[in-house]
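Values in this document were obtained by computation on a predicted structure and should not be read as measured data. Numbered from 1 within each chain, the chains take letters A, B, ... in sequence-line order.
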There are 2 protein chains.
Amino acid sequence: MSTSRPSPARTSRGPRPASIARVPGIDYDVLDTLLGYALRRAQIAAFDQFYRATAGYGITPPRFTALVILGANPGVSQTALAAVLGIARSGAMQLTDWLVGRKLAERRARADDGRAWGLYLTRRGAALAAELKRRVRAQDARLGARLTAAERRALLRLLDRVAE
Amino acid sequence: MSTSRPSPARTSRGPRPASIARVPGIDYDVLDTLLGYALRRAQIAAFDQFYRATAGYGITPPRFTALVILGANPGVSQTALAAVLGIARSGAMQLTDWLVGRKLAERRARADDGRAWGLYLTRRGAALAAELKRRVRAQDARLGARLTAAERRALLRLLDRVAE
DNA sequence: TATTGTTATACTCTATAACTATA
DNA sequence: TATAGTTATAGAGTATAACAATA
């Protein structure tokens, strides 16, 4: 076989499929008692599910978040988007460039403020957002498959309190 | 005030202090119902606590994990360390270089396998590990400060099940 | 042949700082 | 002066691929 890869549906390079299975014979010491470490492990599992749900779309968690936020908040500014994502404005700009470059979103001039853009999903972006929301929701349900509905609610509530 | 920063105890550049406060006036749509998003938010809060606990030590979560693992598993190999951290061997090597460069760990030849190193904490590394464990444990408790002891236990258990 | 550690290289994400144009 | 967006640059972290020594 040559070096060319058929690559079934691998548009994205998958930033982090990193599994983090327990290594047998290793003593994890204090790590097993830390909330922070348990969170990290759970989040890696969540990332894994997320990438499985969005394989082939080139979507990362921040990109998904951006699509959802633009869909629910038409006309939002890049600075607001940056605040939601907890990243620098320059990063929000690159993210927006990515979305615009794929015709998923567009920048429109604002009447009230000549400095800022209003960000909007295109029809294509809205369709993708809907599709991804469906997929991510399904995979998220699978993530909590080992939990009862009540446990799932409890976990969500506990996590919210930890996050402040 | 000039541009020079006294910077009390800022040895590390703090890879991600990124706060991710709720932005007022923004509709988070489906994000508020996703376990994965709740995990992400909680983990960012945990990261924040972690960096506060280890400020000035140049410690990152993987470095802390490595110190703990080496302390509890003397003679562990770089490949095993990589597996625990869920990173490539080349990354484990760089991490080890960092530890060795600061005289926190050392590589010792192995009797049974000429290819592999055995990794050990130095006396200095063991002291730092103990100090950091104390600090991280204290900050981790603060992370769950809004939870009762029973809730904390429940959360830990639920997270373990989510992480498989 | 397979594995350990290593080296070289590249890519993603994010940050900072300086610049412009508006406010 | 302050803010929105932009540009340029840099750094951390991690990945892949190829190589030498050893198993």
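- When the nucleotides D/dG5, D/dG13, C/dT6 are ranked by their closest atom to the side chain of B/Met93, C/dT6 comes out on top.
- Straight-line distance from the CG atom of B/Leu119 to the C1' atom of C/dG5: 11 Å, rounded to whole Å.
- Each of B/Gln94 and B/Arg89 has a nearest nucleotide on DNA chain D; the 5'-most of these lies closest to B/Gln94.
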- Evaluate the criterion side-chain hydrogen bond (donor to acceptor under 3.5 Å, both in side chains) for residue pair A/Arg40 and A/Gln43; output intermediate values, then yes/no. CA-CA 5 Å; A/Arg40 178 165 175 257; A/Gln43 220 228 340; over 6 Å; no
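- Taking atom CD of residue B/Glu106 and atom P of nucleotide C/dG5, one finds them 16 Å apart after rounding to whole Å.
- The CD1 atom of B/Ile59 sits 11 Å away from the P atom of D/dG13 (whole-angstrom rounding).
- Among the protein residues, A/Arg110 comes within range of no part of the nucleic acid, since none of its heavy atoms lies under 4.0 Å from any strand.
- Of the possible donor and acceptor atoms, one in the side chain of B/Thr122 sits under 3.5 Å from a partner among the backbone N and O of B/Leu104.
- Among the nucleotides C/dT4, D/dG5, C/dT6, the one closest to the side chain of B/Ala116 is C/dT4.
- Here D/dA23 presents its C1' atom at 16 Å from CH2 of B/Trp117, a figure rounded to the nearest Å.
- Contact annotation: side chain of B/Ser90 to base of D/dT14, donor-acceptor pair absent below 3.5 Å.
- B/Leu85 places its CG atom 15 Å from the C1' atom of D/dA12, with the value rounded to the nearest Å.
- Out of C/dA15, D/dG5, D/dA15, the shortest distance to the side chain of A/Ile87 is found at C/dA15.
- The pair B/Arg108-B/Glu106 meets the salt-bridge criterion, with a side-chain N (NZ, NE, NH1 or NH2) lying under 4.0 Å from an Asp/Glu carboxylate O.
- Taking for each of B/Val76 and A/Leu95 the nucleotide of DNA chain C with the nearest heavy atom, the 5'-most of the two is the partner of B/Val76.
- Here the side chain of A/Pro62 is nearest to one of D/dA15, C/dT14, D/dT6, namely C/dT14.
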Output one line per pair: protein atom, nucleotide atom from nucleotides 20-23 of chain C, and distance, for all N/O pairs under 3.5 Å.
from, atom 1, to, atom 2, distance (Å)
C/dA23, OP1, A/Gly114, N, 2.5

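- Rounded to a whole Å, the CZ atom of A/Arg107 is 15 Å from the P atom of D/dA4.
- Spacing between atom CH2 of A/Trp98 and atom P of C/dC11 amounts to 18 Å, rounded to whole angstrom units.
- Ring geometry for A/Phe64 versus A/Phe50: interplanar angle over 60°, hence perpendicular rather than tilted (30 to 60°).
- Note that B/Arg63 lies in the cation-pi zone of B/Trp98, set by a 6.0 Å cut-off to the ring centre and a 45° limit from the axis.
- In this structure, CD in A/Glu151 is found 4.0 Å from CZ in B/Arg161, a value given to the nearest 0.5 Å.
- Under a 3.5 Å cut-off, the side chain of B/Asp140 and the backbone N or O of B/Val136 do not form any donor-acceptor pair.
- Put simply, CG on A/Leu81 is 12 Å from P on D/dT6, counting in whole angstrom units.
- For C/dG5, the OP1/OP2 oxygens have a side-chain nitrogen or oxygen of B/Thr79 closer than 4.0 Å.
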